[in-house]
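Here is the structure we will look at.
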Amino acid sequence: MPDLTVAIVYPELLGLYADRGNAIALRHRAELRGLSCEVRDIHLGEALPEAVDVYIIGGGEDAALGPAIRELRSQRALVGAPDRGAVVLGVCAGFQLLGRRLEAPDGSSVEGLGMLDIESRPLPDRRAVGEIAVQSPLLGELQGFENHRGDALLGEGVTPIGTVEHGVGNGHGNQEGAIDGNVVGTYLHGPALVRNPVFADYVLAGATGAELEPVEDELVERLRAERRAALVHERRGRRRRRW
Amino acid sequence: MTGISIRYRAALALARALAWASRHLLHRGGNVIGGAVMLRLAGGGIAAKARRHRITIVTGTNGKSTTTAMITAALRVRGAVDTNADGSNTSHGLAWCVATAKAHEIVLEVDESWLPWAVDTFGPAAAVLLNLTRDQLHRRPEIQPMAAAWRTALQAVPCAVAVAEDPAVVWAAYGARRTEFASTGDGWTSDTVLCPQCGEVLHDRREVWACNCGLTMPAATVEIRDQRIVVDGQDLGIYERLPGHVNVVNAAVALAATRDQVEPTRALAAIAEQVGDVAGRYRDVTVEGRRTRLLLAKNPAGWQAVLGMLREGASILLVFSAEGVDGRDTTWLYDVSFEGLRGRPTAVAGQRGTDLAVRLHLDGIDVGDLHRSVRSALMALPEGEVDVVATYASFQTVRRELHVA
Ligand SMILES: [Zn+2]
């Protein structure tokens, strides 16, 4: 038995935005601590297993949301996951479908899984596409790439992951993502846990219930520094153009 | 020549002059400026001229340059063919190719988004649809709307040729009056499990895909069986000039697109003989003892295919960027598995080389120092065979730095 099992839920439906990257990051961070980690793809039509420590629910096409919610609602394993101590990470469409209700671009509305106290609707003007930077009281500086047109409205039962410094995030109030105990939602794409080792460790700690000693990944830190500098550069350029 | 207005001729003269100036004074390509002038001053003239030619348009996320070259080679068995071999595949480049074409037969590589425009403007006899996979998600986050736009546009096209395993292109092809299919022999392959016709999950996604709404994988006239190309039941043998299974598929599609014009055996021989490099791709260049072969990959499907083409024992140089037509997103690197590179000498360069180095690191491949230039990365690898894989913008850098024309 591996120390940790990560399930990628319906990659053929909810894996549009490289969501496998998050599973790869968790495996990497676990292995750095000497923990073995198995990554399992759970395909459409398969029963969602209960013996899982982290469920990853990724992004999908707008048209995938209906079929995905229908499938997931018929599976008890996911709704019961937080009570078993497992972590559920929803990204993009996966974030939205963990919520109470989703409104589609065509105005129709569908009930979500109700695991996060959020409701989502389309962003009014356009897709949010590009690099995103977030300051999180819990996780520090988060970086990533967003590509969505969802606007997530947070209820009382959740707290945002952090404050957006660059990019769009939840779409209003400068907030990004939502956390409620072991259920986490974010608009930061697939490899968000690669770019943000502290975020990956937060998920790992939640799933294992163990305190994890910090481990530095020099190459990842280099990428973070590079992207941080690129954002500063981009912002300066934009300011200059405005003059 | 009658039927060509003075206005058209004047516009062409001006466009030629500007194209010449662009090439010789600015050292840029001249086709785009030439096409822009022609569309602006004589758009109607181009549309009229197009209808005096027989035009085949070729589109898809991956393989369109190669397949365009293959169809061109096959049709040249019968006579002259003009084509946009420079890869200028949006309105201006396409317009220039048609405006200056002398041959009756024209084969045009068309950017996916420009297919409806190209059909409308040129009235092609045939459209070839290769595949629709994830690429440039920031511009085209969904596959379905593109397939729908193709299907609508194809209603004006007499014949569509498509790959049978990809539901999106099959459904789009059915918009045309007649269809012709080529089979990869791989079974269902697609980035989406959703039926392009009804939006539900395809109930069968094995050898033959099918949806409850009735859309199902069509029978193909050209098939690949055990790496051999079979046309109408006749075994034509193995195609192996360009590397990788994707190029066998491209050749099969080219045969499907040309089989009512050129006898398939002769077409395949011409393809194998004439298409040895496509705008620098698959080109062999020796640089200080490194026998490099250049490969281009633009998106997850492209990278996965190219990683399967690497020569056994070759060192690997990966050049990665996210600028211009590459798009700015690098996250899709996590949709590609690099585990096959373990144990091979591998170097990384490019504007976003760090993103790729991190990706490789997570697959257990450490590439050492990151290189600023392609040449220094190449020199860090041992002498011998080196397979070079680059994204679009990087590919131009590779050609420049290694002096590949
Ligand atoms: Zn259907």
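Letters A, B, ... are given to chains in the order of the sequence lines, protein chains preceding strands, and every chain is numbered from 1.
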Exercise: identify the closest heavy-atom pair between [X] and [Y]:
X	Y	value
R70(A)	E200(B)	NH1-OE1, 3.2 Å
L219(A)	T354(B)	O-CG2, 4.4 Å
P67(A)	G199(B)	CG-O, 4.3 Å
R20(A)	Y334(B)	CB-O, 3.8 Å
R27(A)	D363(B)	NH2-OD1, 4.3 Å
D335(B)	G15(A)	OD1-O, 4.2 Å

Identify, with sequence neighbours excluded, every residue that meets salt bridge (Lys or Arg N to Asp or Glu O under 4.0 Å) alongside D151(A).
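For D151(A), the residues satisfying salt bridge (Lys or Arg N to Asp or Glu O under 4.0 Å) (neighbours in sequence not counted) are R121(A).
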
Does the side chain of D217(A) come within less than 4.5 Å of H361(B)'s, by heavy atoms?
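Yes, at least one pair of side-chain atoms sits under 4.5 Å.
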
Check whether any side-chain heavy atom of L370(B) sits under 4.5 Å from a side-chain heavy atom of R222(A), and report yes or no.
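Yes, their side chains come closer than 4.5 Å.
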
Give, as side chain, backbone, both or neither, the part of [X] having an atom under 4.5 angstrom from any heavy atom of chain B.
X	answer
E71(A)	neither
E12(A)	both
R227(A)	side chain

Given that the side chain runs from C-beta out, which part of L194(B) has a heavy atom under 4.5 Å from chain A: side chain, backbone, both or neither?
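Contact with chain A: side chain only.
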
Using a heavy-atom cutoff of under 4.5 Å, enumerate the residues of residues 201-211 of chain B that contact chain A, numbered in order, or state 'none'.
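Counting heavy atoms that sit under 4.5 Å from chain A, the residues of residues 201-211 of chain B involved are V201(B), R205(B).
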
Distance (rounded to the nearest 0.5 Å) between R195(A) CZ and T331(B) OG1
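If we round to the nearest 0.5 Å, R195(A):CZ and T331(B):OG1 are 9.5 Å apart.
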
I need the L223(A) CG to L356(B) CG distance, nearest 0.5 Å.
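Atom-to-atom, L223(A):CG and L356(B):CG are 11.0 Å apart.
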
Run D329(B) and H189(A) through side-chain contact (heavy atoms from CB on, under 4.5 Å) and show every step you take.
CA-CA 10 Å; D329(B) 190 359; H189(A) 261 193; 4.1 Å; yes

Does a sphere of radius 6.0 Å around CD in E213(A) hold more than 12 heavy atoms from other residues, nucleotides or ligands, not counting ones at 6.0 Å or beyond?
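Atom CD in E213(A) is packed in, count exceeds 12.
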
Report, as yes or no, whether the 6.0 Å neighbourhood of atom CZ on R76(A) holds more than 12 heavy atoms from other residues, nucleotides or ligands.
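12 or below, so no.
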
Any carboxylate oxygen within less than 4.0 angstrom of a Lys/Arg side-chain nitrogen, looking at E146(A) and R328(B)?
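Here E146(A) does not pair with R328(B) in a salt bridge, since their nearest N and O are not under 4.0 Å apart.
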
